[in-house]
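Okay, structure first, notes after.
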Amino acid sequence: MYDHKKIERKWQKEWEKSGLYKTKDDKKKKKYYILDMFPYPSGAGLHVGHPKGYIATDVFARMKMMQKYNVLHPMGWDAFGLPAENYAIENKVHPRQAVEENIKKFKNQLLKLGFTYDWAREINTTDPGYYKWTQWIFLQMFKKGLAYESNEPVNWCPSCKTVLSNEDLEGGKCERCGSDIERKPMRQWVLKITDYADRMLNDLEKLPDWEESIKEMQRNWIGRSEGAIVQFSIFNFQFSIDVFTTRPDTLFGATYFVMSPEHPLVKKLTTPEQKKDVEEYIKKTAKKSELERTDLAKEKTGVFTGAYAINPVNQEKIPVWIADYVLMGYGTGAIMAVPGHDKRDFDFAREYEICIRCVTSPRSINDLVVKYRSVDDSALKPSSSTEKTKKLTGEAIAYWVDSKTPEDSFKRFRERVEDGIECYTGEGVNINSGFLDGLETEKAKEEMIEWLEKNKVGKKAVNYKLKDWVFSRQRYWGEPIPIIHCKKCGAVAVSEKDLPVKLPEVKQYEPTGTGESPLANIKEWVNTKCPKCGGPGKRETNTMPQWAGSSWYWLRYIDPKNEKALVDKKKEKYWSPVDFYVGGAEHATRHLIYARFWHKFLFDIGAVNYPEPFTRLQHVGLILAEDGRKMSKRWGNVINPDEIVEKYGADSMRVYEMFMGPFSGACAWSTNGLIGARKFLEKVAKLKTRIEKVKMADGLSNLLHKTIKKVGEDIEEFKLNTAISTMMILANKMEETERIDLNAYESFLKILSPFAPHLAEELWHELGHKESIFKEKWPEYDKKLIKDETINLVVQVNGKLRDTISVAVDISEKEAKEEVMKSEKVKKWLEGKEVVKIIFVKGRLINIVVK
RNA sequence: GCCCGGGUGGUGAAAUUGGUAUACACGAGGGACUUAAAAUCCCUUGGAUUCAUACUCCGUGCGGGUUCGAGUCCCGCCCCGGGCACCA
């Protein structure tokens, strides 16, 4: 038994004293910047799941340190935002005070785990010296027209009493509190993230060391689709309405027109006869929650407005409907309905008995497969699954139409499509389409766009699911938006020399629910002078969302005290980009989208040197409670790391959490597993008693060097669980060895030290060393020593294992054959059989094929 | 519905990417030490068959296929997790 309490405290103090983790801007050394997603200092404190990612980056950082990189591994606090504020309201303390207390609590917990953080670089997003630069970035965006005011309908959370961005929703509900959100028009600040959509999408290809799943989530979130805007004039009116479509080739098949009930022109074009019905329908939809409206299972509903639109390509008069399956938030809020080739339009047309016209006929069975392909992936390279669906072809369609031969089923299907009985969303050849007749879909699209542009009734267009970032919150605990409203000059930027606009003290920080933040009540703060004309002005009272401070924080660690710039450009050039970023997958479409957006903007204005902030990205899997559920106060199954550290030691916890399973997977906590990790460490400590200066046994040096190789490679690939199991094998082997060679043991301590830093340091010093083990060089493996001289050659007969024989590793095929034939076991299986051929894989196996 | 991951012992999981399936650990069973227990150490631990830890057969969600050889590749299906979702 080793005394973890004593040695862990001792070395934590010692490391702090000697400044082991002080990061200097030493430009002669190669840099490595490894970053954790910084936490919210919530009231509950850390549970054992939170530090998992921090432990992993710490292991990595320590190895890089020993590989003589200049390592930056910082930590800070993302302390603005709703959780901190709600905690403060609940506990009747000021958010600032709550945040201070929580940070203290968090930091204490982290300190006990022995991380390499350079606390001299600690940052806090609620520190005025920090948010000065968050505000500064906002002002630069404002100046470039990327931050603008809008009155569009937005997501309003009635419980949190603030607007939310699309990224803050989860299945139509508030991500924080789970309330149904309401759509209502409100004045708000919006950041034009859509200007960066294409670059954010394309640059994902330049990030090979990001996990594919996260890149895919971002692609889906950005949701680029190519198509056209088409202008439909409204019969008997002077205006026209635009629609967006990805299928301009089907324009001849548009048999009706649908507008979202919220579309601002609905009232204008509704005829007096239809007015009552339309108003009723609008009222009905307004009452529905976002969730009800987007429920796919429900039947499509709508109402005829009495108006007609003119199809620009054939001058046909088509009825204008309103229906809530058309969303105001996507495209133009109005669509041309082509029921023959769009499933939703088809369902609607069936319901209301509107004409269905086929304009695309499938050419062959191969076309039908395209039916399975999503329409909007045209801009991207085909994903692997797209390739798969292509191979479905014959059988799939036969199964689908329930017919004997694929050809027969295809014929029947085509007839149904052309009769408008079947909805066909795939590609094919245009029919009933005037000048497009006979053209294939791709060609027809091009021709139609050309025609639209020539006749000035439409144009090529790209549309995104990504919406501009709703950037204001009607809450207290956030960065004030540095804008002054002036009656004469409009919205005016606060002068840069007046930054930061400090968040004022306020008596009531509960949300008002009025669409203004509590700041609106502080008259002496709100009323100020317009920086432009000197006349009376009012400060913007909305604050920034919680994501603001985290959208650039990695830059601040590089130069945390700089008062002249958000980061010194030379320092930034040295340290950026972040080489390795580790954190939760829940940030894939929130923080990581915003962060890339801000970074690209800073790159454009010359504030940083690189267009992408994070070179490598790895997501950390959850640690579940012992009962397999998420750790939560509600279930009472939370495990506090402090208790684990107290009872079993930080090193045990570190080793266990890395050993549990693959890093990105979710895994349930097991106290027995933790004890297993502790036993391993004790075994390592005990081995020391058997150390002598002896020549390493051959078997041991071979295993040692293999272990050094594998541990190094595994850490690099973040396969930390197998790194540990490899070291366990070495420890077991050493345990069997009577006298352990000092050099072998020291090398072992070095590769173990990133995982169990306190114990490794202690044992290292007990061996008589005066300097820290972390100043040692990471051991290198000897290529000669990892080579096996003999191997167990696997002997198979007809692919089945029958024997293994020990032979020289480089045995020739001929020799191997001779050896194998001597084996009694093999002979038995060859009896009375004819050897057809023998397959020999050098250094691995020999397979005798018999008949 | 679409997209991305997965499915291997009682459990967490390994498997050099097509070459000895179940490493390492947990749990369980047995033993040693002990008056006893804890701790520690040793042995056993996929299933069937068997006195046998001899031999053999079966075995990586299910059904086919390719191959000398498949957990790994191909085709079809089932289930689990995550993301998006009336996106025109």
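Fair warning: this is a prediction, and the values are worked out from it, not measured in the lab. Each chain gets a letter, A, B and so on, in the order its sequence line appears, and its residues count up from 1.
Checking B/U35 for Watson-Crick or G-U wobble geometry (two distances, each under 3.5 Å) identifies no partner in any strand. Nucleotide B/A28 is matched to B/U44 when pairs are restricted to Watson-Crick or G-U wobble geometry with both distances under 3.5 angstrom. With both pairing distances under 3.5 Å, B/G71 is matched to nothing as a Watson-Crick or G-U wobble pair.
Mapped onto RNA chain B by nearest heavy atom, A/Leu801 and A/Ile839 fall at different nucleotides, with A/Leu801 at the one closer to the 5' end. Where A/Ile729 and A/Asn847 each meet RNA chain B at their nearest nucleotide, the meeting point lying more 5' is that of A/Ile729.
Phosphate contact (OP1/OP2 of B/A88, side-chain N/O of A/Ser225, threshold under 4.0 Å): present. When the side-chain nitrogen and oxygen atoms of A/Arg344 are compared with OP1 and OP2 of B/C87, one or more of them lie within a distance under 4.0 Å. Phosphate contact (OP1/OP2 of B/C2, side-chain N/O of A/Lys465, threshold under 4.0 Å): absent.
The residues A/Lys467 and A/Glu152 are annotated as not salt-bridged, no charged nitrogen and carboxylate oxygen being separated by less than 4.0 angstrom. The pair A/Glu819-A/Lys817 fails the salt-bridge criterion, with no side-chain N (NZ, NE, NH1 or NH2) lying under 4.0 Å from an Asp/Glu carboxylate O.
Anti is the classification of B/G10, since its glycosidic angle lies more than 90° from 0. B/U50 takes the anti form, because its glycosidic angle lies more than 90° either side of 0.
Remark: the separation of the P atoms in B/G82 and B/G71 is 30 Å, to the nearest Å. Annotation: B/U22 and B/U45 have their C1' atoms spaced 12 Å apart (nearest Å). Spacing between B/U16 and B/G7 at atom P, rounded to whole Å, works out to 13 Å. B/G76 and B/C4 have their P atoms separated by 14 Å, with the value rounded to a whole Å. With C1' as the reference atom, B/U11 and B/U50 are 29 Å apart, rounded to whole Å. Spacing between B/G63 and B/C79 at atom C1', rounded to whole Å, works out to 15 Å. Nucleotides B/G19 and B/C24 have their C1' atoms positioned 22 Å apart, rounded to a whole Å. Here the separation of B/U40 from B/C78, taken at their C1' atoms, is 48 Å to the nearest Å.
The shortest distance between side-chain heavy atoms of A/Ser260 and A/Leu327 does not fall below 4.5 Å.
Nearest nucleotide to the side chain of A/Lys679, out of B/A88, B/U20, B/C26: B/C26. Distance from the side chain of A/Lys719 is smallest to B/A15 among B/G19, B/A14, B/A15. Among the nucleotides B/G83, B/A88, B/C26, the one closest to any side-chain atom of A/Tyr330 is B/A88. Considering only side-chain atoms of A/Asn672, the nucleotide from B/C86, B/A25, B/G27 that sits closest is B/G27. For A/Lys828, the side-chain atoms get nearest to B/U56 when compared with the rest of B/C84, B/U20, B/U56. Nearest to the side-chain atoms of A/Lys686 among the listed nucleotides B/U40, B/A14, B/A88 stands B/U40. Side-chain proximity of A/Asp324 to the nucleotides B/C86, B/C87, B/A23 is greatest for B/C86. Each of B/C4, B/G19, B/U40 was ranked by its minimum atom distance to the side chain of A/Val841; first place goes to B/G19. Looking at the side chain of A/Phe659, the nearest of the listed nucleotides B/A13, B/A88, B/G12 is B/G12. Side-chain atoms of A/Met728 lie closest to B/A25 of the nucleotides B/C4, B/A25, B/U56.
Distance A/Ile675 CD1 to B/U40 P: 9 Å, rounded to the nearest Å. Atom NZ in A/Lys706 sits about 13 Å away from atom C1' in B/A23, given to the nearest Å. Distance, A/Glu351 CD to B/C86 P: 19 Å, rounded to whole Å. Computed from coordinates, the A/Glu216 CD to B/C84 P distance equals 13 Å when rounded to whole Å. Across the protein-nucleic acid pair, A/Lys710 atom NZ and B/A14 atom C1' stand 9 Å apart, rounded to whole Å. B/C3 atom C1' lies 5 Å from atom CG of A/Asn220, rounded to whole Å. Across the protein-nucleic acid pair, A/Leu720 atom CG and B/C24 atom C1' stand 15 Å apart, rounded to whole Å. Separating the CD1 atom of A/Ile805 from the P atom of B/G19 is a distance of 20 Å, rounded to the nearest angstrom.
Judged by atom type and distance alone, A/Gln796 reaches the base of B/G19 through a side-chain donor-acceptor pair under 3.5 Å. For A/Lys343 and B/C86, a side-chain-to-base donor-acceptor distance below 3.5 Å is absent, hydrogens and geometry of angles not being considered.
Among the atoms of the strands shown, none is found under 4.0 Å from any heavy atom of A/Arg678. Among the protein residues, A/Asn721 comes within range of the sugar-phosphate backbone only, with heavy atoms under 4.0 Å from sugar or phosphate atoms but none that close to a base. A/Trp669 comes within 4.0 angstrom of nothing in the nucleic acid, heavy atoms only. Residue A/Val326 is in base contact, counting any heavy-atom pair closer than 4.0 Å across all strands shown.
Residues passing the side chain to side chain donor-acceptor pair (under 3.5 Å) test with A/His619, sequence neighbours excluded: A/Glu211.
Using modelled atom types and a 3.5 Å distance limit, the side chains of A/Thr722 and A/Asp714 yield a donor-acceptor pair. With no hydrogens or angles considered, a side-chain donor-acceptor pair links A/Thr194 and A/Asp468 at under 3.5 Å. Looking only at atom types and distance, the side chain of A/Tyr330 has a donor-acceptor partner in the side chain of A/Ser225 under 3.5 Å away.
Under the 30°/60° scheme for interplanar angles, the aromatic rings of A/His4 and A/Tyr2 are found to stand perpendicular.
Residues A/Trp469 and A/Tyr594 bring their aromatic ring centres within 6.0 Å.
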